[in-house]
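All of these numbers come straight from a predicted model, not from anything done at the bench. Below, chain A is the first sequence line, B the second, and so on; all start at residue 1.
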2 protein chains.
Amino acid sequence: MTDGPSSSPLRERNRQTARDVVLDAAERLLQASPSADFSMRALATEAGVGFATPFNHFGSKNAIMQALSSRVIKRMATRFREQRPQGDAVDRVLAMGRISVGVLLEKPDVSKSVVGSLGVAGPSPSAVLPQSEALWSLALGDLSTLSSDAPIALRAVLPQQLAFTFRGCVSFWIAGELTDEAMVTAFQTGALAILLGFVNPTRRAALMAQMSPLPIP
Amino acid sequence: MTDGPSSSPLRERNRQTARDVVLDAAERLLQASPSADFSMRALATEAGVGFATPFNHFGSKNAIMQALSSRVIKRMATRFREQRPQGDAVDRVLAMGRISVGVLLEKPDVSKSVVGSLGVAGPSPSAVLPQSEALWSLALGDLSTLSSDAPIALRAVLPQQLAFTFRGCVSFWIAGELTDEAMVTAFQTGALAILLGFVNPTRRAALMAQMSPLPIP
DNA sequence: TGAAAATCTATATCATGATATAAATAAAAT
DNA sequence: ATTTTATTTATATCATGATATAGATTTTCA
């Protein structure tokens, strides 16, 4: 990706437009494709740009997929905000889990293709972790509503750990090792397992009642 | 991968030998390559087989990487068994975490390349989840040593959840979002967070003392 | 032991990501 | 208004995963 030369307002605005045009085109192709894939030649044609342009902007096909993944995460946050789930942090995390998994399951093949890019080694780091953490921070809301002996500072691990667990569940789902339903259960149980150590002892029984192991195939 | 026609003992034995030869060759090439990668043409040459043979056995390059990942997990289990870590389930899980991450960090670039295959959508499911669960069951040992109000049956979620969290941490590491050190911290904290809800209340303070959030970049 | 089946090999071919390059175009600077 | 700079475009080319195919080799079976 050419970050080198400086850009001025109109140039930068045109470049951002081109990036959006490319990403929109990619989304259209993915949705239309039975295998949830596209070639870079098809992408350039669909976007109405030259073949080299997506590479100029993103560097690689995988980076395009990563930019699309970022859009997916934004979509999850938007849904959450629109739905305004009620309840305490646990309820909200569970709601975010349902919403997030729901976004993926709207178009499972596309999601697998797009999000499958995230765990792939590449020349430059992806930048999804802060976004994922923010998503789970949004879900958790005010951490002080978790009552426990855990110091407030320690509760800072929760958004990160929820992000890791979510990523792990999704990764196994992408690889075909978890069915759609199993992924729902896996993440819900994972979130509850993490939160189990951070809630009031009086709340534990309710959390445990919602946790279940996955059947072993 | 040609599972179709039936095999008899010598044929099957020869096919297994060919698979091992191919995988050994792949490992040699990965270790020798500055970019931790190999072409299928180089693999066939290194293995001394025809170009189509690895495809006949594994179906795709990614499947070869997945078979190599399986070897990595076996290596982790072997190390654990050799080291015989002492202590309760928590201690053993932490030891397994150090051992497992240590295996990956012996050759970071190779590990990223190999294990990066696991989260990639493909024509057939990978088969790593049972192996991962078994790894964490091995670490946990006898689940009844965890003292808590959680029913024994519910503790069955632990190997799975540890597997998901490990996968999630490794996935972010592969993508370049976690440094080597941060991955160590991330998984240790994740394991402790999961176990925190399953230990005796008297043990909680010691676990929390070992948990720390990752610095936000 | 010869025929049949399974598997491997050598080779050609194709699709696709990626790079390079020269010309064209658009925006910024003088 | 012209020149300079930045970016895009069109095109060629290459590496690489993957597939196809015919011939060669190995193993199994009658």
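- OP1 or OP2 of C/dT9 sits under 4.0 Å from a side-chain N or O of B/Thr53.
- Here the closest non-hydrogen pair linking B/Trp173 and B/Ser111 is CH2-CB, 4.0 Å.
- Looking at the side chain of B/Val49, the nearest of the listed nucleotides D/dT28, C/dT9, C/dA28 is C/dT9.
- Between the two ends of the helix from C/dT1-D/dA30 to C/dT30-D/dA1, each summarised by a five-pair axis, the helix axis turns through 10° (rounded to 10 degrees).
- Looking at A/Arg19 and A/Glu12, a side-chain N of the basic residue comes within less than 4.0 Å of a carboxylate O on the acidic one, giving a salt bridge.
- Scanning all heavy atoms of the two residues, the minimum distance from B/Met40 to B/Pro54 falls at CE-CB, 3.8 Å.
- Regarding A/Glu12, its CD atom lies at a distance of 11 Å from the P atom of C/dA28, rounded to whole Å.
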Under 3.5 Å, which protein N or O atoms sit close to an N or O of nucleotides 15-18 of chain C? Give each pair with its distance.
from: C/dG17; atom 1: OP1; to: A/Phe38; atom 2: O; distance (Å): 3.3
from: C/dG17; atom 1: OP1; to: A/Lys61; atom 2: NZ; distance (Å): 2.7
from: C/dG17; atom 1: OP2; to: A/Met40; atom 2: N; distance (Å): 2.7
from: C/dG17; atom 1: N7; to: A/Arg41; atom 2: NH1; distance (Å): 3.1
from: C/dG17; atom 1: O6; to: A/Arg41; atom 2: NH2; distance (Å): 3.1
from: C/dA18; atom 1: OP2; to: A/Lys61; atom 2: N; distance (Å): 2.7
from: C/dA18; atom 1: N6; to: A/Arg41; atom 2: NH2; distance (Å): 3.0

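- Remark: P of D/dT21 and CG of B/Asn56 are 14 Å apart, rounded to the nearest angstrom.
- Closest non-hydrogen pair, B/Pro159 versus B/Glu133, comes out as CB-O, 3.6 Å.
- With rounding to whole Å, A/Arg19 atom CZ is found 12 Å from D/dT7 atom C1'.
- Ion pairing of B/Arg92 with B/Asp142 is absent here, as no side-chain N (NZ or NE/NH1/NH2) approaches a carboxylate O to less than 4.0 Å.
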Tell me which donor-acceptor pairs under 3.5 Å the side chains of residues 22-31 of chain A have, and how far apart each pair is, sequence neighbours excluded?
from: A/Asp24; atom 1: OD1; to: A/Arg71; atom 2: NH1; distance (Å): 2.8
from: A/Asp24; atom 1: OD1; to: A/Arg71; atom 2: NH2; distance (Å): 3.2
from: A/Glu27; atom 1: OE2; to: A/Arg75; atom 2: NH2; distance (Å): 3.2
from: A/Arg28; atom 1: NE; to: A/Glu46; atom 2: OE2; distance (Å): 2.6
from: A/Arg28; atom 1: NH2; to: A/Glu46; atom 2: O; distance (Å): 3.4
from: A/Arg28; atom 1: NH2; to: A/Glu46; atom 2: OE2; distance (Å): 3.1

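- Nearest heavy atom pair, residue A/Leu154 against residue B/Met211, reads CD1-O, 3.3 Å.
- A donor and an acceptor atom never sit less than 3.5 Å apart when one is taken from the side chain of A/Arg15 and the other from the base of D/dT8.
- Not one N or O on the side chain of A/Gln188 forms a donor-acceptor pair closer than 3.5 Å with the backbone of A/Gly97.
- Among the nucleotides D/dT8, C/dA5, C/dA28, the one closest to any side-chain atom of A/His57 is D/dT8.
- If you find the closest nucleotide of DNA chain D to A/Ala52 and to B/Ala52, the one lying nearer the 5' end belongs to A/Ala52.
- In this structure, the CG atom of A/Leu10 is 9 Å from the C1' atom of C/dA26, given to the nearest Å.
- If you measure from atom CG of B/Asn14 to atom C1' of C/dA5, you get 15 Å, rounded to the nearest angstrom.
- Between B/Trp136 and B/Phe187, the two ring planes are tilted [angle within 30° to 60°].
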